[in-house]
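One structure is given here, and the rest of the page talks about it.
Atoms within a ligand are numbered from 1 in the order they appear, just like the ligands themselves.
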Amino acid sequence: MGKATGFMDYKREKLNERDPLTRQNDWKEYSAPYTDDVLKKQGARCMDCGTPFCQIGMEIKGGVSGCPIYNLIPEWNDLVYRGRWKEALERLQKTNNFPEFTGRVCPAPCEGSCTVAINDPAVSIKNIERTIIDKGFENGWITPRIPSSRTGKKIAIVGSGPAGLASADQLNQAGHAVTVFERSDRLGGLLTYGIPNMKLDKEVVERRVKLLRQEGIDFVTNTEIGVDVTADELKEQFDAVILCTGAQKQRDLLIEGREAKGIHLAMDYLTLATKSMLDSGFKDKNFIDAKGKDVIVIGGGDTGADCVATALRQKAKSVVQFGKHPKLPDTRVGDNMWPEQPYVFSLDYAYEEAQAKFGEDPRQYSIQTTKIVADKNGKLKELHTIQMEKVK
Ligand SMILES: Cc1cc2nc3c(=O)[nH]c(=O)nc-3n(C[C@H](O)[C@H](O)[C@H](O)COP(=O)(O)OP(=O)(O)OC[C@H]3O[C@@H](n4cnc5c(N)ncnc54)[C@H](O)[C@@H]3O)c2cc1C
Ligand code: SF4
């Protein structure tokens, strides 16, 4: 354990975020790592618990508590406190194929179940994780690990999202010859064409893919299994096939008036925005543009938040988000006890940005959209809603 009294001596530092008003003028990541000195103190806050709840990775009452991949959190917290970054990286890589992704976008159930969080803000685990791996890349500590021997077995992986990439990494390191098939033009699944650039820079995804290629993995893009290559062909050519195709079915809102012009599905909106940014820096205009528009995002989750942040960057006139659930309390209430996932209010990056621009949180709670009305040209004119109330 680093510093015995660290959790009393130092306060948790919030994520190092860029100014919410400034950052919505660009598509760069909204957060940045802290200096070594700040993170050393954050690492010192870890109590090296006998039972580290941060890494239990279990489901309690339907929510995830602790790290689902059992990251060795207290070990690398201690190493960071002692300034032994390279060793911290080695410990981190023992359980995590891609800490540069999780360190940026994981919802951090480790922090929700951290013991310090019983009566104080949790250890900044996610922030420390991200800095360890970013430092690893910056210092050239991450180099291709080419397997010393090959098994002669060939494995096909369908889909290049995080599941496909992690499977490919594990199987390649085990010595198999791995080929990843991806129907899209770019690799990464929703890491590339779902999560917006300000949350996860696409260069971070490309950097990892480049490394995986150097380690011997083959990637085939623009190839849909079941269309361009049949399942039988795949089974003939490979010893095993792994399906990592994700959950790509979108959930529509099938209510009266849905066909009105001006209504889009979040995934079309977000994917086109990222694709246009990567293809041409938005010059091709091949995206759904919210510029100058009054935008309503229906759906209160993280994907909705990403739509809010994207609309802000496109200079929407106003942005509001409707969610079906009531506003969460500021602290745990009722039977939502530690170390369960905390169901508490938070101001995510997109809401912070909207608040900075328009003076208020864009979220409207407990709203159900019941009907859409179009004008005589078929263009969206009205949303009809009901205000709901949660009763036990
Ligand atoms: C807008 C948005 C924001 C998100 N933000 C976060 C976040 O902040 N934190 C977080 O933890 N999670 C987030 N998620 C969820 C996360 O992205 C997913 O859980 C994760 O990407 C799922 O990984 P996967 O590999 O299973 O599938 P996917 O990422 O969906 O990848 C599946 C891949 O398979 C390909 N494929 C499908 N069928 C075929 C076929 N027949 N042939 C070839 N290829 C095929 C697809 O093109 C796709 O590239 C977000 C999701 C969205 C949509
Ligand atoms: S639960 Fe929190 S304090 Fe305990 S070991 Fe994990 S990070 Fe450290």
Determine the sole option in K199, K202, R104, R23 for which the salt bridge (charged side-chain N to carboxylate O under 4.0 Å, His left out) test with E29 is passed. R104
Any atom of ligand 1 sitting under 4.0 Å from a heavy atom of [X]?
| X | answer |
| --- | --- |
| G226 | no |
| R104 | no |
| L165 | no |

Between [Y] and [X], does any NZ, NE, NH1 or NH2 come within less than 4.0 Å of an OD or OE carboxylate oxygen?
| X | Y | answer |
| --- | --- | --- |
| R207 | D201 | no |
| K126 | E111 | no |
| E340 | R332 | no |
| D348 | R363 | no |

Does the protein place a non-hydrogen atom closer than 4.0 angstrom to atom 47 (O) of ligand 1? yes
Is_contact(atom 15 (C) of ligand 1), protein non-hydrogen, under 4.0 Å: no
Check this for me - ligand 1, [X], N or O atoms closer than 3.5 angstrom, yes or no?
| X | value |
| --- | --- |
| S184 | no |
| G194 | no |
| A163 | yes |
| G188 | no |
| L190 | yes |
| V158 | no |
| E224 | no |

Taking atom 37 (C) of ligand 1 as the point of reference, which of T245, V229, V220, D306 owns the nearest heavy atom? T245
Check the surroundings of atom CD in E224: do more than 12 heavy atoms from other residues, nucleotides or ligands lie under 6.0 Å from it? yes
Does NZ belonging to K357 count more than 12 external heavy atoms closer than 6.0 Å? yes
Does C67 reach the side chain of I73, with side-chain heavy atoms less than 4.5 Å apart? yes
Can you pull out the closest protein heavy atom to atom 45 (C) of ligand 1? Residue, atom name and distance to 0.1 Å, please. R183 CG, 3.9 Å
Nearest protein heavy-atom contact for atom 2 (C) of ligand 1: which residue, which atom, what distance? T303 OG1, 3.7 Å
In ligand 1, which numbered atoms sit nearer than 4.0 Å to a non-hydrogen atom of V105? 7 (C), 8 (O), 9 (N), 10 (C), 11 (O)
Is any protein N, O or S atom closer than 2.8 Å to atom 8 (Fe) of ligand 2, and if so, which? C46 SG
